[in-house]
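A note on names: the letters A, B, ... follow the listed sequences, proteins ahead of strands, and every chain is numbered from 1.
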There are 2 protein chains.
Amino acid sequence: MVTLKDVAKKCNVSLATVSKALNGHTDIGEQTADSIRQIAKEMGYLPNAMARALKTNRSNNIGVLFVDKTSSGLTHEYFSEILNSLKVHAEFRGYDITFISSNIGSFSMDYYEHAKYRRCDGVVIASVDFDNPDVIKLVNSEIPTVTLDYIFNNCFAVMSDNITSMQEIVSHVYSLGHNKIAYIHGEDTSVTQKRIASFYKTCKSFGINVPDEYVKSAMYHDPRSSGLATRELLALEDRPTCILYPDDFSFIGGMNEIEKQGLSIPEDISVVGYDGILLSQVLRPKLTTFRQDAEEIGKQAALALIDKIENPKQFITNHVVVKGKLIPGDTVKRI
Amino acid sequence: MVTLKDVAKKCNVSLATVSKALNGHTDIGEQTADSIRQIAKEMGYLPNAMARALKTNRSNNIGVLFVDKTSSGLTHEYFSEILNSLKVHAEFRGYDITFISSNIGSFSMDYYEHAKYRRCDGVVIASVDFDNPDVIKLVNSEIPTVTLDYIFNNCFAVMSDNITSMQEIVSHVYSLGHNKIAYIHGEDTSVTQKRIASFYKTCKSFGINVPDEYVKSAMYHDPRSSGLATRELLALEDRPTCILYPDDFSFIGGMNEIEKQGLSIPEDISVVGYDGILLSQVLRPKLTTFRQDAEEIGKQAALALIDKIENPKQFITNHVVVKGKLIPGDTVKRI
DNA sequence: TTGTATGCGTTATCAT
DNA sequence: ATGATAACGCATACAA
């Protein structure tokens, strides 16, 4: 381990001078600084992040909290895309990413304690379970936080645009002649509530009547439950002409059910997914879906959090809405 | 921030005593220790990981290096499952996970420097690009490392069993009467080489002749290239009766091509995937595939690395092979 | 412009 | 059984 002290000795200057030179302070002679940097590099000097953090009380490390009931958060492509984007943009700004969880080591810490223990400068919370007391404790703590797809009143939030997205989907489907539109939605979350409300509202704006039996409950990322809902919808006396799914992956369950009944997409029934994951783009017929801009969501989260960390005084806590984009495919027939 | 000093003051003992009590040293009086622990808890004391790391030269943090040419590593379900498992088991042993990358902040560090800077106690390397000089530098450094699916001579490796898996796949297909078996493989990596060799060897052991045109090159996780390869195979004069794909996701490309030609699975052509991702289990017909035990791979990687970190002297650097499992589906017809 | 000295919070050594 | 103290590597206030 080569330390500042070693470099100082080699350079015949004081430790403080080396520190300043390496950190680009202006009160060091031009050539002195240059030669110090040069020698430090030659010696393979690397700052010790721990020592620096201890001294400055800043770890340059941001925590990521993914709580998923199924603990499959990472295998959900939407989240892994966000995580990747978050990582890229945080790293660009000099921050590393550490996962936060409870149960670290033999005894358990809650999220706040874990983040505090690691001296995270901030935490990004992507979770379905915002009612979790531990999550609430973290959000209300002095640690800067940013939430995804959920708004706390004292915490910056990055929201995917669930209102507009449903508007666009319904409008698209309606413009192709459909007015018997069914919606299979995911489990009850604030995101789901928004989508449902927007679904009803948009339908109403077009004068579309939505019978109760056209709105089915299923689970996100779960083809089985969407398959069951699909079966129910297909069994209706007055069958819908188009079904909206909770997400692209769940649609697979619907697809299976539809094919099983000898129906074909989109000739006999039209369908729309949600998320725009890779899968939706490689299925044939190509799935009509709504692409959430996960890259942008991750980026906004990183930038907002870092801004909050670095400029706490002037930071304005509000929320930003990230627009997605309808991706027309070949699964909605013009009728 | 409540520190050891604060607790010491409250307890009317010295700072050293508190430290010992909290760390379970035996040279502290039973009741003293108890009351100290009690009070520390009440005061909400949390150790400062940075200070501790500085002093002990151990960060209780392990780095994860995912290099993917497409930088889509995380969106590959196989890897995200491994990552999740790694995380769970590392956390259980008291270690947190931090991503390692180059380009941290404005200037770039290589992987070794990054890991060193963060004082990672060890690094897990999951990468396709093991030729990368920076990866090699890291592996050859003093930092304990564990590689996934690649063997360096001085580094513990966790290997998925690519030899046996191909044996099982070919045996299964052969047992159902196929002897015209085509293999679409991924890009050239050591994993691919093993699978190809095992494919040829197993075929030979059954007396199956494999014409050169039955072995096609495509890319992992890329339905397009597998789709093209499928087209070529289907155009063959002497068409194979079964096609093995690089992975489940790539199979989608083949599926599209097969359907496009009006053929059906498995009546007209049989197919087998690889990986056993969620998707393979929800498609209908259910895809016959080989499930890699990503959970076990992540676990073994975590345990081996931590063992290497905590018992460097007695640690034996070798490799462990994690067996997967053939998951018969409905895509291979008995002929 | 450069150097000295202090302390961040902890662990560990050595006294007592 | 308990306490005083040094040291980990660094940044910084202050002195020179």
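In this structure, the CG atom of A/Leu54 is 8 Å from the C1' atom of C/dT10, given to the nearest Å. The NE2 atom of A/His25 sits 12 Å away from the C1' atom of D/dA13 (whole-angstrom rounding). Counting to the nearest Å, the C1' atom of D/dG3 and the CD1 atom of B/Ile36 are 12 Å from each other. With rounding to whole Å, A/Met1 atom CE is found 14 Å from D/dA7 atom C1'. The nearest whole Å value for the distance from the NZ atom in A/Lys9 to the C1' atom in D/dC10 is 16 Å. Between A/Leu22 atom CG and D/dC10 atom P the separation is 9 Å, expressed in whole Å. Atoms CG (B/Asn57) and C1' (C/dA12) sit 14 Å apart, rounded to a whole Å. Computed from coordinates, the B/Met50 CE to C/dG7 P distance equals 23 Å when rounded to whole Å.
Dashed line: the shortest gap from a side-chain N or O of A/Ser19 to OP1 or OP2 of D/dA11 is under 4.0 Å. Taking side-chain N and O atoms only, B/Thr3 has no distance below 4.0 Å to OP1 or OP2 of C/dG9. For A/Asn23, a side-chain nitrogen or oxygen approaches OP1 or OP2 of D/dA11 to under 4.0 Å. The phosphate of D/dC10 (OP1 or OP2) has a side-chain N or O of A/Tyr45 nearer than 4.0 angstrom. Between D/dA11 and A/Arg52, a contact under 4.0 Å exists linking OP1 or OP2 to a side-chain N or O. A close approach under 4.0 Å does not occur between any side-chain nitrogen or oxygen of B/Thr17 and OP1 or OP2 of D/dT2.
Side-chain atoms of A/Ile28 lie closest to C/dT2 of the nucleotides C/dT2, C/dG3, D/dG3. You'll find that the side chain of A/Ala16 is closest to C/dG3, out of C/dT10, C/dG3, D/dT2. For B/Ala51, the listed nucleotide lying nearest its side chain is C/dT10; candidates were D/dC8, D/dC10, C/dT10.
Of the charged side-chain nitrogens involved, at least one lies within less than 4.0 Å of a carboxylate oxygen, so that A/Lys87 and A/Glu91 count as a salt-bridged pair.
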For residues 300-307 of chain B, which side-chain N or O atoms pair as donor and acceptor with protein atoms under 3.5 Å away, sequence neighbours left out?
residue: B/Gln300; atom: NE2; partner: B/Glu296; partner atom: OE2; Å: 2.7
residue: B/Asp307; atom: OD1; partner: B/Asn311; partner atom: ND2; Å: 2.7

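Looking at heavy atoms from C-beta onward, B/Tyr45 lies in side-chain contact with B/Leu22 at the 4.5 angstrom threshold.
Partner A/Asp34 forms a side chain to side chain donor-acceptor pair (under 3.5 Å) with one of A/Gln38, A/Gln31, A/Arg37 and no other, that one being A/Arg37.
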Exercise for review: Check the pair A/Asn48, B/Arg119 against side-chain contact (heavy atoms from CB on, under 4.5 Å), reporting the backbone distance first and the verdict last.
Suggested key: CA-CA 7 Å; A/Asn48 182 323; B/Arg119 305 284 118 157; 3.3 Å; yes
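Using a 4.0 Å heavy-atom criterion, one finds that B/Leu4 contacts the bases of the nucleic acid, with or without backbone contacts as well. Counting any heavy atom pair closer than 4.0 Å across all strands shown, A/Asn48 reaches sugar-phosphate atoms only and no base atom. When heavy atoms are screened at a 4.0 angstrom cut-off, B/Leu46 is found touching the sugar-phosphate backbone but no base atom.
Remark: the B/Lys20 side chain and the D/dG3 base include a donor-acceptor N/O pair separated by less than 3.5 Å. No hydrogens or angles were tested; on distance alone, a donor-acceptor pair under 3.5 Å links the side chain of B/Lys55 to the base of C/dT11.
With a 6.0 Å cutoff to the six-membered ring centre and a 45° limit on the axis angle, B/Lys137 does not count as a cation-pi contact of B/Tyr112.
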